[in-house]
Visitor: 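Attaching a single structure in structure tokens format; questions to follow.
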Amino acid sequence: QVQLQESGGGSVRSGGSLRLSCVASGYTCMGWFRQPPGRGREGVAVIDHAGVRNYAQFVMDRFTNYQDMAKTLYLRMNDLQPEDSAMYYCAAVRSDLCYLGSPSLTSGDWGQGTQVTVSS
């Protein structure tokens, strides 16, 4: 079921930036997944209730996952590359098992996805 809503996707040239947003208050674990065309779902970033963050290696030092006002989750994406093109999904759950790829997170609440397209 769709319980969250992402926004901020779009089209950008290689090296450009986008910021995704997800209203996700009341959770203890939140994060982002993406699914490129023809590939499986990939964990991108997570943040727990204490603000501890971790990232997939392929976005390390380019993407930043953070919260504002304890209501909205953001994913700032810098230096976007064509391989970053995908549907991006926000996910959230009330769980203490909060890590990249956590089954608790994947079984939690999800948004409908927002498309990110990066051209060369």
Visitor: Looking only at non-hydrogen atoms, find the nearest pair between A45 and L75 and report the distance.
Guide: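 Reported closest heavy-atom pair: CB-CD1, 4.3 Å.
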Visitor: Do the side chain of T114 and the main chain of S7 share a donor and acceptor less than 3.5 angstrom apart?
Guide: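 A pair under 3.5 Å: no.
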Visitor: Verify whether one side chain among Y27 and D109 offers a donor that lies under 3.5 Å from an acceptor in the other.
Guide: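 Distance-only check passes for Y27 and D109.
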Visitor: Side chains of V59 and R34, heavy atoms from C-beta outward: is any pair under 4.5 Å?
Guide: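 Touching, per the 4.5 Å side-chain cut-off.
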Visitor: Which atoms form the tightest heavy-atom contact between S107 and S104, and what is the distance?
Guide: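 Taking S107 first and S104 second, the nearest heavy atoms are OG-O, 3.1 Å.
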Visitor: From the options V116, V118, L80, V12, select the one residue that forms a side chain to side chain contact (heavy atoms under 4.5 Å, CB included) with S85.
Guide: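 Filter result, single survivor: V118.
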Visitor: Atom CZ in R39, atom CD in E83: separation rounded to 0.5 Å?
Guide: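 Answer rounded to 0.5 Å: 9.0 Å.
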Visitor: Under a 3.5 Å distance rule, please check whether Q81 uses its side chain to pair with a backbone N or O of D79 as donor and acceptor.
Guide: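 Judged by distance alone, yes, a pair lies under 3.5 Å.
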Visitor: Evaluate the side-chain proximity of Y66 to R76: yes if any heavy-atom separation is below 4.5 Å, no if none is.
Guide: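 Heavy-atom side-chain distance check passes, below 4.5 Å.
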Visitor: Measuring from C29:SG to L105:CG, what's the distance to the nearest 0.5 Å?
Guide: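 Rounded to the nearest 0.5 Å, the SG-CG separation comes to 4.5 Å.
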Visitor: Nearest 0.5 Å, what's the CG-SG distance between D48 and C98?
Guide: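 Rounded to the nearest 0.5 Å, the CG-SG separation comes out at 5.0 Å.
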Visitor: Do I47 and F58 share a hydrophobic cluster (ILVMFWY, side-chain heavy atoms under 4.5 Å, transitive)?
Guide: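 Hydrophobic grouping puts I47 with F58.
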Visitor: Is there a side chain to side chain contact (heavy atoms under 4.5 Å, CB included) between E6 and Q112 once you walk through the steps?
Guide: CA-CA 7 Å; E6 311 93 337; Q112 82 291 336; 3.2 Å; yes
Visitor: Begin with the C-alpha distance, continue with both residues' side-chain angles, and end with the deciding distance and a verdict on side chain to side chain contact (heavy atoms under 4.5 Å, CB included) for L20 and M77.
Guide: CA-CA 8 Å; L20 307 184; M77 305 185 294; 3.7 Å; yes
Visitor: State whether D84 and R62 are salt-bridged, where the test is any N-O pair (Lys NZ or Arg NE/NH1/NH2 against Asp/Glu carboxylate O) under 4.0 Å.
Guide: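 Yes, charged N to carboxylate O under 4.0 Å.
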Visitor: Shortest non-hydrogen contact from P82 to S14?
Guide: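 Minimum heavy-atom separation between P82 and S14: CD-OG, 4.0 Å.
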Visitor: Does one hydrophobic cluster hold both L18 and M60, with members joined at side-chain heavy-atom distances below 4.5 Å?
Guide: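 Result: yes, single cluster for both.
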Visitor: Taking the side chain from R53 and the backbone from N65, do they hold a donor-acceptor pair closer than 3.5 Å?
Guide: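 Looks like yes, one N/O pair under 3.5 Å.
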Visitor: Are S11 and S119 close enough that some pair of their side-chain heavy atoms sits under 4.5 Å apart?
Guide: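 No, too far: nothing below the 4.5 Å cut-off.
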Visitor: Passes side chain to side chain contact (heavy atoms under 4.5 Å, CB included), C90 versus W110? Steps please.
Guide: CA-CA 6 Å; C90 176; W110 288 74; over 6 Å; no
Visitor: Can any side-chain N or O of Q67 pair as donor or acceptor with the backbone N or O of T72 at less than 3.5 Å?
Guide: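 Between the backbone of T72 and the side chain of Q67 there is no qualifying donor-acceptor contact (under 3.5 Å).
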Visitor: Tell me whether the rings of F63 and Y88 are parallel (<30°), tilted (30 to 60°) or perpendicular (>60°).
Guide: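 F63 and Y88: tilted rings.
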Visitor: Taking the side chain as everything from C-beta on, heavy atoms only, tell me whether C22 gets closer than 4.5 Å to W32.
Guide: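 Result yes, sub-4.5 Å side-chain heavy-atom pair found.
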Visitor: For the aromatic rings, using the six-membered ring if either is Trp, is the centroid distance between F33 and Y89 under 6.0 Å?
Guide: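 Aromatic pair excluded; centres sit 6.0 Å or further apart.
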Visitor: Do the side chain of R94 and the main chain of G26 share a donor and acceptor less than 3.5 angstrom apart?
Guide: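 Pair found, side chain donor or acceptor close to backbone of G26.
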Visitor: Do the side chains of V44 and Y99 join up, straight or via other hydrophobic residues, at under 4.5 Å, putting them in one cluster?
Guide: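 V44 and Y99: separate clusters.
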Visitor: Work out which heavy atom in A86 is nearest to a heavy atom in Q115; give both atom names and the distance.
Guide: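 Closest approach of A86 to Q115, heavy atoms only: O-NE2, 3.3 Å.
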Visitor: Apply the test side chain to side chain contact (heavy atoms under 4.5 Å, CB included) to residues Y55 and T64: give CA-CA distance (whole Å), side-chain angles for both, the deciding distance (0.1 Å), then the verdict.
Guide: CA-CA 8 Å; Y55 301 89; T64 303; 3.9 Å; yes
